[in-house]
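Single-structure report; data block below.
Each ligand, and each atom within it, is numbered from 1 in the order the structure gives. Just so it is clear, the values below take in all heavy atoms, side chains as well, and ignore hydrogens, waters and symmetry mates.
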Amino acid sequence: MITVSVLKADVGGYVGHSSLHPDLLSTAEEALSQAKQRSVLVDFHVGHCGDDLFLIMTHERGANHTEIHALAWDVFIACTAVAKKLKLYGAGQDLLADAFSGNLRGMGPGSAEMEFEERASEPLLIFLADKTSAGSFNLPLYKMFADPFNTAGLVIAETLHGGFTFEVQDIVGQRKIKFDAPEETYDLLIFLGSPSHFAVKAVYSRKTGEIAAVSSTERLSYIAGRYVGKDDPTCVVRCQGDFPAVGEVLEPFTFPAIVEGWMRGSHQGPWMPCAVADANPSRFDGPPRIVCLGFQLTEGRLIGPRDMFADPAFDGARRQANDMADYLRRHGPFEPHRLPLEDMEYTTMPEIAGRVASRWKPLE
Ligand code: F6R
Ligand code: MG
Ligand code: MG
């Protein structure tokens with residue numbers, strides 16, 4: 001069995017929250033290459049989207065393994081030290097605990113991990129996002145694994161025709177539930193349509209029970225009880241054979257869906273698919289970005305990545321996302337561009353409400 005672990009954190013931005021300094025990438029690469037030499041890891045790739053650092057690792061220790069989580073924690077700490085030295089912005093911002101305590105869960109970083117038997121050929125797509133939240137993958141995962149207008153294989157491929165099981169987490173209530181598609185899609189959608197409360201954690205093939213996809217569902221604000229930055233999720237999807245084809249997994253991103261995040265984590269904006277070189281959100285700290293790294297997994301080695309959105313076929317989505325960004329920005333501080341009061345990560349409301357409280361008069 002091989003495990004793919006994507007562990008991620010924002011440990012400092014360059015410049016502001018727009019991107020990642022190359023010294024952080026090289027610090028992480030050096031530490032993971034030592035772990036590979038010690039045979040803790042089979043292989044790794046260090047990626048970034050905006051100001052978030054993503055450690056993509058393969059190993060044989062299983063999901064949620066202390067040694068792998070400790071390794072990632074040490075990398076984030078080492079990168080934080082570099083960020084502090086360079087006075088990068090928000091150094092260590094996602095590291096909410098003072099010391100590692102066995103597992104990254106609840107400590108700030110996000111995680112998406114899956115363990116499986118490597119197939120004869122194992123194409124993997126790994127999505128990295130910035131300026132948005134856990135839950136933003138609900139719509140694309142639904143399209144990939146349950147929408148026949150997106151995934152032709154659900155209709156015309158015997159291997160996919162049996163459908164998929166969605167594991168949904170209630171992020172607020174801290175519980176989970178499974179739904180089978182296609183029979184239970186209407187039940188499933190009442191939850192998925194509310195991505196700030198419910199997020200798809202994993203998807204399984206109903207034909208084989210094999211894991212097909214996993215995403216990070218951590219919400220920093222729930223962990224810390226206060227605003228500490230956006231969660232900027234990741235998602236891993238196995239492709240081909242019993243799973244959707246690479247092109248079916250990428251197809252949902254031709255539609256730049258509106259997601260929560262953008263400036264101060266308090267706005268709605270279009271999720272723009274882009275090449276790694278373009279994943280440096282600078283316009284109103286956005287708009288939200290998504291990149292996709294494609295790998296062939298070969299005896300645990302990550303052959304790649306291919307930069308999957310570096311394809312002119314996604315130019316239309318990018319153009320539409322920019323038009324949507326212009327349109328939404330013209331709302332300024334008004335909803336629905338700005339999030340409703342209760343969902344904003346930044347707010348001045350308690351202070352202002354307190355200050356003007358005595359000036360309110362009853363209606364005549
Ligand atoms: C959103 C984000 C940025 C910051 C904004 C203010 O996820 O990271 O939009 O919220 O730049 O940042 P601070 O409060 O750190 O000055
Ligand atoms: Mg940041
Ligand atoms: Mg970020």
Can a salt bridge be assigned to the pair E345 and R264 using a cut-off of 4.0 Å between side-chain N and carboxylate O? no
Given the options R238, Q296, Q240, E122 meets side chain to side chain donor-acceptor pair (under 3.5 Å) only with R238
Would you call W262 and R329 a side-chain contact if the rule is heavy atoms closer than 4.5 Å? yes
Any protein N, O or S atom under 2.8 Å from the Mg ion (ligand 2)? Found D10 OD2, H17 ND1, D51 OD2
salt_bridge(D43, K36) N-O dist < 4.0 Å: yes
Within the 4.5 Å heavy-atom criterion, are L250 and F309 side-chain neighbours or not? yes
Within the 4.0 Å heavy-atom shell around D285, which atoms of ligand 1 are there? 3 (C), 4 (C), 5 (C), 9 (O), 11 (O)
What atom name does the N, O or S atom of D130 nearest to the Mg ion (ligand 3) carry? OD1
When you look for heavy atoms under 4.0 Å from ligand 1, do you find them on the side chain of W262, its backbone, both, or neither? backbone
Return each pair, listed once, that meets ring pair (Phe, Tyr, Trp, His ring centres under 6.0 Å) where at least one residue sits in residues 43-70; pairs must be two or more places apart or across chains. H45-F295
Ring centroid separation F127 to F253 under 6.0 Å: yes
Counting each atom of ligand 1 from 1 as listed, which ones have a heavy atom of M263 under 4.0 Å away? 9 (O)
Ligand 1 and D51, any nitrogen or oxygen pair closer than 3.5 angstrom? no
For R330, the salt bridge (Lys or Arg N to Asp or Glu O under 4.0 Å) test, sequence neighbours excluded, returns none
State the atoms of ligand 1, each with its element, that fall below the 4.0 Å cut-off from a heavy-atom position in Y89. 13 (P), 15 (O), 16 (O)
Polar contact flag, side-chain donor to acceptor under 3.5 angstrom, E113-S5: yes
Residue-level breakdown please: for E345 versus ligand 1, do any non-hydrogen atoms fall below 4.0 Å on the side chain, on the backbone, on both, or on neither? neither
So, of the N/O/S atoms that D232 has, which is the nearest one to the Mg ion (ligand 3)? OD2
Result of checking D285, D10, D52, D51 against K131 for salt bridge (Lys or Arg N to Asp or Glu O under 4.0 Å): D51
Below a 4.0 angstrom heavy-atom separation, can you tell me which part of H17, side chain or backbone, both or neither, approaches ligand 1? side chain
Contacts of D23 meeting salt bridge (Lys or Arg N to Asp or Glu O under 4.0 Å) (sequence neighbours excluded), chain-then-number -> none
Going by heavy atoms, is G265 under 4.0 Å from ligand 1? yes
